[in-house]
Enquirer: 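Structure below; questions to follow.
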Protein chains: 2
Amino acid sequence: MARRSDRPTLRTIAEITGLAVTTVSRALLDAPQIALETRQRVQRVAREIGYQPDRAARHLRTGRTNVISFVLDPHDELLGFSTSMISGLTRALRDTQYHLVITPHFAEAPTLDPIEYILRNRTADGVVFSRTEPDDPRVKLLVENDFPFVSHGRTDLGIEHAFVDYDNAGFARMAVERLVAKGRRRLALILPPQRFTFHRYLRDGFLAAAAENGVEWELPAEINLDSSAADLYAWLGWRLEQPAPPDGVVCAGEVSALSIMAALSDRGLKVGEDFDLVVKQTSQLYDEVRPRVDAVYEDIAEAGELLGRLLVRRIAGEPVSALQHLQEPIPRFADRSHGTRAAVGARQSA
Amino acid sequence: MARRSDRPTLRTIAEITGLAVTTVSRALLDAPQIALETRQRVQRVAREIGYQPDRAARHLRTGRTNVISFVLDPHDELLGFSTSMISGLTRALRDTQYHLVITPHFAEAPTLDPIEYILRNRTADGVVFSRTEPDDPRVKLLVENDFPFVSHGRTDLGIEHAFVDYDNAGFARMAVERLVAKGRRRLALILPPQRFTFHRYLRDGFLAAAAENGVEWELPAEINLDSSAADLYAWLGWRLEQPAPPDGVVCAGEVSALSIMAALSDRGLKVGEDFDLVVKQTSQLYDEVRPRVDAVYEDIAEAGELLGRLLVRRIAGEPVSALQHLQEPIPRFADRSHGTRAAVGARQSA
DNA sequence: CTATATATTTATAACGTTATAAATCCGGGG
DNA sequence: CCCCGGATTTATAACGTTATAAATATATAG
């Protein structure tokens, strides 16, 4: 069926209407130089025969791909981080001319490769990526090439660029205050690897809140959010046998927090009685985890949607200063009832 | 930088070598009519100046997109199902000419829309999709259009087509035998919605094994794997108050199983003592869940990789009868030690 | 009714690639 | 020295689109 030959093109419409191909093209683009009556007639015919412009031909002619690329980091794999992101991006792009293409990479750390590939082959009109670093080389390269992008996370480069970020300092502060309110007196913070920007925001928020509240704290150097489950498990076991062990943990990763809970459970310690935990929640998972755990929500799908919307506006030429958004932490503390999925604000930046 | 004008094209190479554009094109395609010496020279120059063929121009000329599309179902969101799939697909395609493009949809049930879109706009050379139904209209449409695809899941259509599926009947049998070995005598199976093909395989495997082992069983009609956490939680609570409640559950969904565990925990019932559960595990999550739960592993990333490889071979013209693969269930029972991530067979079909 | 401005339509060319058919080169037989 | 055939290279056209410039139709002023 539907062989190449019977797909309608501009030429098909031109033959039907008796107009020139050029006229048809401009009529479909709603060019004001074409008579209104002609435009309407052409558009009607196009609709009737199911005409769809050929993306490849358009790209070849205009240099625009109408594609937005999301650089997928394999570390985002577990728990649907990137799926939520993709779902948000898709929502943002569904009523635009843009397609979403996933460009994955496989390196341990973020790498320039996928960005270089996109720049060299011009496979997209704009890029979104995550796991941003303070001195991120991807940001530098893209800015140098004047290529539109929005990063998930901020940088320290002194270059202004479009971003969507989560208020990790606010999250850390909120978490500390919650633990203090529960009577915890020595708090540990499990950080992401140091190279990521959100390491610093988490740490600063945590340290400031700990100081304000006059509690002891520690920043374990042996482990981080990318550590293996076994390492996290072993660390807490070891730490609980040392002098002055923590009685509360702030953990910005769902899966890491499960390892913490497993270690507590295997030693007979009870969350909510002997120990407390505040986790950064990015899925609905923790609604079902027992014992219940205090959580603060980060809406990844919303982040994806914002990233998509801001990128479209960036491509359209808006200045980057108008394209920066910080997401608010949303507390979901465990004293709320089962199944409460509080209205997760659909805050707007537009 | 790198403006349109300074991207090398065939013309650039033609100017450098003094050959005609046509000759350069054929030399890069290694056509035997071009002198070996010429081919090598052209290929060397191409490498030196970093020539990359323009995908849009190729597509326009040849009709081939060099794109494979994965139809993303929003129901696969949680727990990285689709991310694992994407990661496997990417691995399969990374050394081929194909790009991976995600085509998402938002309907409740699988829908024809994304497939129709791909067929109409010829945005891909082949398609992969999941959540296959016994009478799947997508399979029909694609076969009618003679368009290459591989489904994740089988059909009952009597049309032979390429697929990758998981042996859900084997999973159910394995799960029942495990529960019986633990002394359970009344088993419940939580099924996916009836419209999916794997509903039947799970049910048949479960019923056969239950009959062979002479245990009682039930197939709750009120809930399924797509039910909300609250509904699953409420169902088990209700069921435990009725006469002859189940003492073992087989659950083919990780998140659903968490709701089951939450309901047990909230009533003081202990997994491993009063009750047992076998879950189908598709992530590393259950390694960290406490109490430990018996699991049988399904390797989604491997499924993605197989889907990609089979689709490439399908596009190349191999008959569908050679492009069918059934994945084996891999037991991961809870008596193994913490952190054991048993060698997950990298079985091959090729 | 002509000249001129304005509205509308059209021809031409080009984006980068490759299929087809035609042209050129070269060595050897007559 | 000419011609033939195989090896090698090249010109031409086309895929579907749109920017540019040119052409035509229509309206308005004089």
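Protein chains get the first letters and strands the later ones, always in sequence-line order, with residue 1 at the start of each. Quick note: numbers below take in every heavy atom, side chains included, and nothing from hydrogens, waters or symmetry partners. All of these numbers come straight from a predicted model, not from anything done at the bench.
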Enquirer: Can you identify which nucleotide, out of dT17(D), dT17(C), dT20(C), has its nearest atom closest to the P53(A) side chain?
Expert: dT17(D)
Enquirer: Using a strict threshold of under 4.0 Å (side-chain N to carboxylate O), is an ion pair present between R11(B) and E15(B)?
Expert: yes
Enquirer: Are D136(A) and R131(A) close enough for a salt bridge, meaning some N to O gap below 4.0 Å?
Expert: no
Enquirer: Work out which heavy atom in A20(B) is nearest to a heavy atom in A14(B); give both atom names and the distance.
Expert: C-CB, 4.1 Å
Enquirer: Show your reasoning for whether side chain to side chain contact (heavy atoms under 4.5 Å, CB included) applies to I102(A) and V101(B).
Expert: CA-CA 6 Å; I102(A) 317 290; V101(B) 170; over 6 Å; no
Enquirer: Does T23(B) reach a base, just sugar-phosphate, or nothing at all? Heavy atoms under 4.0 Å.
Expert: base
Enquirer: Can a side chain N or O of S25(B) be found less than 4.0 Å away from OP1 or OP2 on dT18(C)?
Expert: yes
Enquirer: Where the side chain of T22(B) is defined as all heavy atoms beyond and including C-beta, which of dT20(D), dT12(D), dC15(C) is the nearest nucleotide?
Expert: dT12(D)
Enquirer: For R58(A) and dT18(D), is the shortest distance between a side-chain N/O and OP1 or OP2 below 4.0 Å?
Expert: yes
Enquirer: In whole angstrom, what separates L60(A)'s CG from dT17(D)'s P?
Expert: 12 Å
Enquirer: Does some side-chain heavy atom of R41(B) sit less than 4.5 Å from a side-chain heavy atom of T17(B)?
Expert: yes
Enquirer: Please confirm whether any donor atom in the side chain of R61(A) sits under 3.5 Å from an acceptor in the base of dA19(D), or the reverse.
Expert: no
Enquirer: Rounded to whole angstrom units, what separation is found between the CZ atom of R55(B) and the P atom of dG16(D)?
Expert: 19 Å
Enquirer: Whole angstrom is fine here: how far is it from OH in Y51(A) over to P in dG16(D)?
Expert: 10 Å
Enquirer: Rounding to an integer number of Å, can you tell me how far N66(B) CG sits from dT17(C) C1'?
Expert: 13 Å
Enquirer: Check each residue of residues 28-41 of chain A for a non-hydrogen atom within less than 4.0 Å of any atom in DNA chain D, then write out the ones that pass by number, or none.
Expert: none
Enquirer: Which atom names give the shortest non-hydrogen contact between A303(B) and H152(B), and what distance separates them?
Expert: CB-NE2, 3.9 Å
Enquirer: Heavy atoms from C-beta onward define the side chain here; which of dA11(C), dT17(D), dT12(D) lies closest to that of A20(A)?
Expert: dA11(C)
Enquirer: Would you say the side-chain atoms of T103(B) and S69(B) include a donor-acceptor pair closer than 3.5 Å?
Expert: yes
Enquirer: Between R26(B) and A56(B), which residue's closest nucleotide on DNA chain C lies nearer the 5′ terminus?
Expert: A56(B)
Enquirer: Can you identify which nucleotide, out of dT17(C), dT18(C), dG16(D), has its nearest atom closest to the T9(A) side chain?
Expert: dG16(D)
Enquirer: Can you find a pair of side-chain heavy atoms, one from F149(B) and one from F129(B), that are under 4.5 Å apart?
Expert: yes
Enquirer: Take atom CG of D54(A) and atom P of dA14(D), then tell me their distance rounded to the nearest Å.
Expert: 18 Å
Enquirer: Below 4.0 angstrom, which residues in residues 10-19 of chain A have at least one non-hydrogen atom near DNA chain D?
Expert: L10(A)
Enquirer: Please identify which of these residues, Q324(B), R154(B), H325(B), meets the side-chain hydrogen bond (donor to acceptor under 3.5 Å, both in side chains) condition with D165(B).
Expert: R154(B)
